[in-house]
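Report on one structure; see the data block that follows.
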Amino acid sequence: MSLNGKVALVTGGAQGIGRAVVQSLLQSSAKVAMVDLNKDLGEECKAQLDAEFGEGNCTFIECDVANGDALRDTFQNTVDQFGHLDIVINNAGITNEKDWEKTIQVNLTSVIKGTYLALEHMSKENGKQGGTIINVSSMAAFMHSPHQPVYTATKHGVIGFTRAMADAAIQGDYGVRIHALCPAFVDTPLLQSVEDEDNMGKFVKFKDDFKRSMSKFGVLQPSLIAEGMMRLITDTSLHGAVMKITCSKGIHFHTYEPMSA
Ligand SMILES: NC(=O)C1=CN([C@@H]2O[C@H](COP(=O)(O)OP(=O)(O)OC[C@H]3O[C@@H](n4cnc5c(N)ncnc54)[C@H](O)[C@@H]3O)[C@@H](O)[C@H]2O)C=CC1
Ligand SMILES: CCCCCC(=O)/C=C/[C@H]1[C@H](O)CC(=O)[C@@H]1CCCCCCC(=O)O
């Protein structure tokens, strides 16, 4: 499906899962703002994407999503460059149990801020034309590990926030579809960092448990996660979906019991 004329903003877009979805969006003819903390990587990535997809389709914006003012400017900068906004993927994330407050800031607070900013630019409530938001959680929200307690908490938080906001979007007639995406292990640089004492602190001693889990459940490629994201973007029947992606079941959805009195 062509996304010609659509504008997307992807946080953490210079590497790993974010980079894979930036590539898929460009392949579908969307314009993309690739937002990342890492300037060198972002510029290098943009040069490669310009060579593949032509200049003017992708812009790199250096931004630490944990800086609320910078994130607000980044959204405005995207709209200034491309005219409007249709798709926001709050993907940037870290796994750092030593600096656990930073992990909460990047993985949860910034996802909340990114969702609110996306609504400012896309919600019909604000006179805009609607759109799609994807907040990246993790299978860690369903299967916990002693190796990463705060990371796990943030990913639970992303799902709770996203589901509540999806309901708000329906009841408030925002015209914005809001989803959570939960990958299992994915082959990206993040996965290597979980063995590092600087990141995991005292929980590093549980790394063998984590690695056993990885060999038991397998490791996915970023391109499959991008495929899941493209499905959430293009299938307009989906709203408030919690998508899971695992080696055993591929792309599928979590189902919740209906609330009863
Ligand atoms: N790799 C995995 O096994 C899994 C990853 N996830 C989630 O997927 C998302 C992406 O992860 P990966 O691609 O694996 O990570 P990655 O580390 O390979 O890439 C993350 C990108 O985000 C950027 N970034 C980090 N902090 C940032 C900040 N404060 N502001 C702006 N950019 C920032 C990095 O510079 C990097 O380019 C994260 O939310 C992660 O928690 C979920 C499940 C599994
Ligand atoms: C670097 C962070 C990577 C986080 C990846 C992730 O989602 C990890 C989740 C694991 C959790 O920490 C403990 C686990 O057992 C989780 C494994 C999740 C894989 C589930 C696959 C299930 C299936 O194939 O049916």
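Since we're looking at a predicted model, the values are computed, not measured. Order of appearance sets the numbers: ligands from 1, and atoms from 1 within every ligand.
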For this session: With heavy atoms of Q15 as the reference, note each atom of ligand 1 found under 4.0 Å away.
Result: 16 (P), 17 (O), 18 (O), 19 (O), 36 (C), 37 (O)
Exercise. Knowing that exactly one of I245, I225, V242, V158 qualifies, which makes a side chain to side chain contact (heavy atoms under 4.5 Å, CB included) with C182?
Worked result: V242
Exercise. Taking N or O atoms only and a 3.5 Å limit, does M139 qualify as a polar contact for ligand 1?
Worked result: no
Problem set entry | Distance-minimising heavy-atom pair for D64 and A70 | O-CB, 4.5 Å
For this session: Tell me, please, whether F253 has K244 positioned over its six-membered ring: NZ or CZ under 6.0 Å from the ring centre and within 45 degrees of its axis?
Result: no
Exercise. Heavy atom of R19 under 4.0 Å from ligand 1?
Worked result: no
Problem set entry | Distance flag, aromatic centroids of Y151 and F203, threshold under 6.0 Å | no
Exercise. Side chain, backbone, both or neither: which part of L190 comes within less than 4.0 Å of ligand 1 when only heavy atoms are counted?
Worked result: both
Exercise. For T11, is the nearest heavy atom under 4.0 Å from an atom of ligand 1?
Worked result: no
Seminar exercise, completed: Applied to residues 166-190, the salt bridge (Lys or Arg N to Asp or Glu O under 4.0 Å) test, sequence neighbours excluded, yields none
Seminar exercise, completed: Per-atom filter on ligand 1: closer than 4.0 angstrom to a heavy atom of G93 are 38 (C), 39 (O)
Exercise. Hey, does S110 sit under 4.0 Å from ligand 1 if you only count heavy atoms?
Worked result: no
Exercise. If you take all heavy atoms of G13 and C45, which pair is closest and at what distance?
Worked result: O-SG, 4.5 Å
Exercise. Of the listed options (V106, V21, T188), which comes nearest to atom 12 (P) of ligand 1 when hydrogens are ignored and any heavy atom counts?
Worked result: T188
Exercise. Are the side chains of V204 and E195 in touch, meaning some heavy atoms are under 4.5 Å apart?
Worked result: no
Exercise. Does the side chain of F75 come within less than 4.5 Å of V35's, by heavy atoms?
Worked result: no
Problem set entry | Structural part of I94 in contact with ligand 1, heavy atom criterion under 4.0 angstrom | side chain
For this session: Number the atoms of ligand 1 from 1 as they appear, then name those within less than 4.0 Å of a heavy atom of I17, with their elements.
Result: 5 (C), 8 (O), 13 (O)
Problem set entry | Element-labelled atoms of ligand 1 that are located less than 4.0 Å from some non-hydrogen atom of G16 | 13 (O), 18 (O)
Exercise. Can you name the residues that form a side chain to side chain donor-acceptor pair (under 3.5 Å) with K46, not counting sequence neighbours?
Worked result: D50
Exercise. Among T154, T74, N91, which residue places a heavy atom closest to atom 38 (C) of ligand 1?
Worked result: N91
Problem set entry | Any S137 heavy atom less than 4.0 Å from ligand 1 | yes
Exercise. Looking at L191, which atoms of ligand 1 are within less than 4.0 Å of one of its heavy atoms?
Worked result: 3 (O)
Problem set entry | Any N or O of S138 closer than 3.5 Å to N or O of ligand 1 | no
Exercise. With a 4.5 Å limit on heavy-atom distance, are the side chains of I89 and T11 in contact?
Worked result: no
Seminar exercise, completed: The answer for which part of A184 has a heavy atom under 4.0 Å from ligand 1 is backbone
Problem set entry | Numbering as shown, the atoms of ligand 1 that approach C63 to under 4.0 Å (heavy-atom distance) | 30 (N), 31 (C)
Exercise. Quick one: which of D64, V136, D36 has a heavy atom closest to atom 29 (N) of ligand 1?
Worked result: D64
For this session: State whether a side-chain donor-acceptor pair under 3.5 Å links N90 with S110.
Result: no
Problem set entry | F185, any N or O under 3.5 Å of ligand 1 N or O | no
Exercise. Checking R163 against Y256: charged group under 6.0 Å from the ring centre and within 45 degrees of the axis?
Worked result: yes
